[in-house]
Amino acid sequence: MMKYRKAGESGVFLPEISLGLWHNFGSVDDQRVARDMIVTAFDNGVCHFDLANNYGPEPGSAEINFGTILRRDLSGHRDEMFISSKAGHAMWPGVYGDGSSRKNLMASCDASLRRTGLDYFDVFYSHRYDGVTPIEETIQALIDIVRQGKALYAGLSKYPPREQQRAYDILREAKVPCLLSQYRASIFDTKAIDQNFGPAAANGSGIVCFSPLAQGLLTDRYLHGIPEGSRAARAEGFLKRDEVSVPRVEAARRLNDIASRCGMSLAQMAIAWLLADRRVTSVIVGASSVEQLLANIKAVDCCGALTEAYRHEIAIIASAPGVSMSKPG
């Protein structure tokens with residue numbers, strides 16, 4: 001049964017498991033499977049659906065497909081759902097189709113609302129700090145998006161600690177506090193846990209984690225190398241072949257042994273490991289099938305089995321040379 005956690009110091013509760021539409025919901029994917037996953041998620045208490053303007057492929061198609069499914073199958077449930085989107089990565093040609101400028105964020109939010117057919121987003125994120133646009137410009141755009149009623153709340157995604165804190169300060173001064181801070185985090189990637197979770201919690205922001213399974217490395221998929229047809233086997237995939245290294249495969253095997261002792265799958269243990277951090281509001285999972293989605297949802301029932309002793313074992317394995325996927329900077 002789904003459990004819910006309060007987002008920081010707000011009155012908003014999110015499910016411990018949220019459904020991300022980064023992969024498998026684009027124009028190249030089977031729309032019947034996409035529909036079944038979204039409806040099944042909602043029927044199992046997953047009321048938070050996470051989008052971005054560039055999700056696909058093609059970019060924008062995940063929003064279009066989600067909007068179609070929402071109108072066709074869940075139109076009477078909008079007020080029971082929490083729907084987020086983001087802008088900041090490359091989306092359309094020309095100098096205004098990328099980055100964190102006011103020009104890009106305002107146009108992107110309007111376009112995302114048209115694609116989904118929504119009147120508003122529950123939260124709209126700045127998808128990244130682009131290293132060029134002044135923080136004041138980007139955050140003022142988020143403030144105005146909220147004040148114009150295009151989103152109920154503002155959020156940050158992947159901001160470095162210094163810019164993260166500056167953004168919180170500006171939002172607080174404008175009385176539009178940051179509801180959610182979204183970061184990549186997993187047993188193999190703890191950089192955000194070490195650097196960003198503390199400031200988020202201290203500033204009353206909820207924390208949402210994505211890529212909890214390290215693009216599939218923390219599943220049973222790569223325990224014996226790179227299978228044909230997997231993400232790492234595809235040249236265009238986000239998981240690169242060289243990332244499926246000998247130290248990580250060995251670590252995944254050892255972690256899988258711990259998961260077996262805990263009575264869960266490796267994927268479930270990886271999700272439960274993040275949920276053991278009470279600062280975390282929700283963990284975004286992806287899925288390619290209803291069966292995979294339901295298995296991931298069951299991770300909410302596994303947290304109690306992950307004792308302090310097991311977490312200590314996990315920490316030792318994850319700290320071995322060559323295992324960490326945290327990027328410097």
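All figures in this text were calculated on a predicted structure; none of them were measured in a lab. Numbers here simply count residues along the sequence, with the first being 1.
Asp119 places none of its side-chain heavy atoms less than 4.5 Å from the side chain of Leu113. Between Ser112 and Phe121, some side-chain heavy-atom pair lies under the 4.5 Å cut-off. Residues Leu223 and Leu266 form a side-chain contact, since some pair of their non-hydrogen atoms from C-beta on lies under 4.5 Å apart. When side chains are defined from C-beta on, Val46 counts as touching Met2, because their heavy atoms get closer than 4.5 Å. Annotation: side chain of Ile143 is in contact with side chain of Leu171 (closest heavy-atom distance under 4.5 Å). Using a 4.5 Å heavy-atom threshold, the side chains of Asn65 and Phe25 count as separate. The shortest side-chain heavy-atom distance between Tyr55 and Asn24 does not fall under the 4.5 Å cut-off. For the pair Arg5/Ser282, no side-chain contact is recorded, criterion being any heavy-atom separation below 4.5 Å from C-beta on.
Of the N and O atoms on the side chains of Ser181 and Tyr168, at least one donor lies less than 3.5 Å from an acceptor on the other residue. Side chains of Ser18 and Asp50: a donor-acceptor N/O pair is absent below 3.5 angstrom, by distance only. A donor atom on one side chain and an acceptor atom on the other are found under 3.5 Å apart for Asp189 and Ser326. In this structure, a donor-acceptor pair under 3.5 Å is absent between the side chains of Asn296 and Gln292. With 3.5 Å as the limit, one finds no donor-acceptor pair spanning the side chains of Glu137 and Ser101.
The nearest pair of heavy atoms linking Ala87 to Phe124 is CB-CZ, 3.8 Å. Minimum interatomic distance between Pro160 and Asn196 (heavy atoms only, all atoms of both residues): C-ND2, 4.0 Å. Across Met91 and Asn54, no two heavy atoms sit closer than the pair SD-CA, 3.6 Å. The shortest heavy-atom contact between Val285 and Ile271 is CG1-CD1, 3.7 Å. Between Leu105 and Ile145, the shortest heavy-atom contact is O-CD1, 4.0 Å. Closest approach of Ser211 to Ser186, counting heavy atoms only: O-CB, 3.6 Å.
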* To do: Decide yes or no on salt bridge (Lys or Arg N to Asp or Glu O under 4.0 Å) for Asp169 and Arg172, but give the supporting numbers first.
  => CA-CA 5 Å; Asp169 292 341; Arg172 186 184 305 105; 3.2 Å; yes
* To do: Please report the C-alpha distance between Asp130 and Thr133 in whole Å, then the side-chain angles of each, then the deciding distance to 0.1 Å, and finally whether the side-chain hydrogen bond (donor to acceptor under 3.5 Å, both in side chains) criterion is met.
  => CA-CA 6 Å; Asp130 64 9; Thr133 308; 2.7 Å; yes
* Asked: Can you check ring pair (Phe, Tyr, Trp, His ring centres under 6.0 Å) on Phe66 and Phe49, steps first, answer last?
  -> CA-CA 9 Å; Phe66 178 80; Phe49 298 89; 5.5 Å; yes
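Annotation: the span from Lys175 atom NZ to Arg147 atom CZ amounts to 10.0 Å, rounded to 0.5 Å. The line from OG1 of Thr219 to CG of Leu213 is 7.0 Å long, rounded to the nearest 0.5 Å. The structure places CG of Leu274 at 5.5 Å from CD1 of Ile193, a figure rounded to the nearest 0.5 Å. Expressed to the nearest 0.5 Å, how far CD1 of Ile297 lies from OG1 of Thr40 amounts to 8.0 Å. Note that CG of Asp277 is 7.5 Å distant from SG of Cys209, once rounded to the nearest 0.5 Å. Atom CE of residue Met37 and atom OG of residue Ser289 lie 7.0 Å apart, to the nearest 0.5 angstrom.
Atom CD of Glu58 has 12 or fewer neighbouring heavy atoms from other residues, nucleotides or ligands inside a 6.0 Å radius. In this structure, Arg32 places its CZ atom where only 12 or fewer heavy-atom neighbours from other residues, nucleotides or ligands lie under 6.0 Å away. Annotation for Asp43: atom CG counts as buried by contact number, over 12 foreign heavy atoms lying within 6.0 Å. Residue Arg162 places its CZ atom among 12 or fewer non-hydrogen atoms of other residues, nucleotides or ligands, all under 6.0 Å distant.
A single hydrophobic cluster is seen to contain both Leu217 and Ile317, as judged by linkage of ILVMFWY side chains at heavy-atom distances under 4.5 Å, directly or through other members. With hydrophobic clusters built from ILVMFWY side chains whose heavy atoms lie under 4.5 angstrom apart, Val176 does not share a cluster with Leu180. Tracing side-chain contacts under 4.5 Å through hydrophobic residues (I, L, V, M, F, W, Y), one never reaches Leu14 starting from Val280; they form parts of separate clusters. Clustering ILVMFWY residues whenever any of their side-chain heavy atoms sit less than 4.5 angstrom apart, transitively, puts Val208 in a cluster other than the one holding Ile187. Note on Leu179: it does not cluster hydrophobically with Leu142, by side-chain heavy-atom contacts below 4.5 Å among ILVMFWY residues.
Proximity of a side-chain donor or acceptor of Asn203 to a complementary backbone N or O of Pro199 within less than 3.5 Å is detected. When atom types are taken as modelled, the side chain of Asp122 and the backbone of Ile83 share a donor-acceptor pair closer than 3.5 angstrom. Under a 3.5 Å cut-off, the side chain of Ser61 and the backbone N or O of Gly26 do not form any donor-acceptor pair. At least one donor-acceptor pair closer than 3.5 Å links the side chain of Ser319 to the backbone N or O of Ile316. Checked by atom type and distance alone, the side chain of Asp73 never pairs as donor or acceptor with a backbone atom of Leu70 at under 3.5 Å. Checked by atom type and distance alone, the side chain of Glu173 never pairs as donor or acceptor with a backbone atom of Ile170 at under 3.5 Å. Between the side chain of Ser205 and the main chain of Ala201, no donor-acceptor pair closer than 3.5 Å is present. A donor-acceptor pair under 3.5 Å is formed between the side chain of Arg248 and the backbone N or O of Glu243.
With Tyr159 as reference, Gln164 is the one residue of Arg128, Gln164, Gln182 to meet the side-chain contact (heavy atoms from CB on, under 4.5 Å) rule.
The existence of a salt bridge linking Asp144 and Lys150 is excluded, since no basic side-chain nitrogen approaches an acidic carboxylate oxygen closer than 4.0 Å. Ion pairing of Glu63 with Arg114 is absent here, as no side-chain N (NZ or NE/NH1/NH2) approaches a carboxylate O to less than 4.0 Å. Here Glu313 pairs with Arg261 in a salt bridge; the nearest charged N to carboxylate O distance falls below 4.0 Å. Ionic pairing of Arg253 and Asp220 is not present here: no N-O contact between side-chain nitrogen and carboxylate oxygen is shorter than 4.0 angstrom. Salt bridge Asp301/Lys3: present, at least one basic N to carboxylate O contact under 4.0 Å. The pair Arg311-Glu308 meets the salt-bridge criterion, with a side-chain N (NZ, NE, NH1 or NH2) lying under 4.0 Å from an Asp/Glu carboxylate O.
A cation-pi arrangement is present between Arg78 and Tyr120 under the rule of less than 6.0 angstrom and at most 45 degrees off the ring axis.
Aromatic ring centres of Tyr183 and Phe210 lie farther apart than the 6.0 Å criterion allows.
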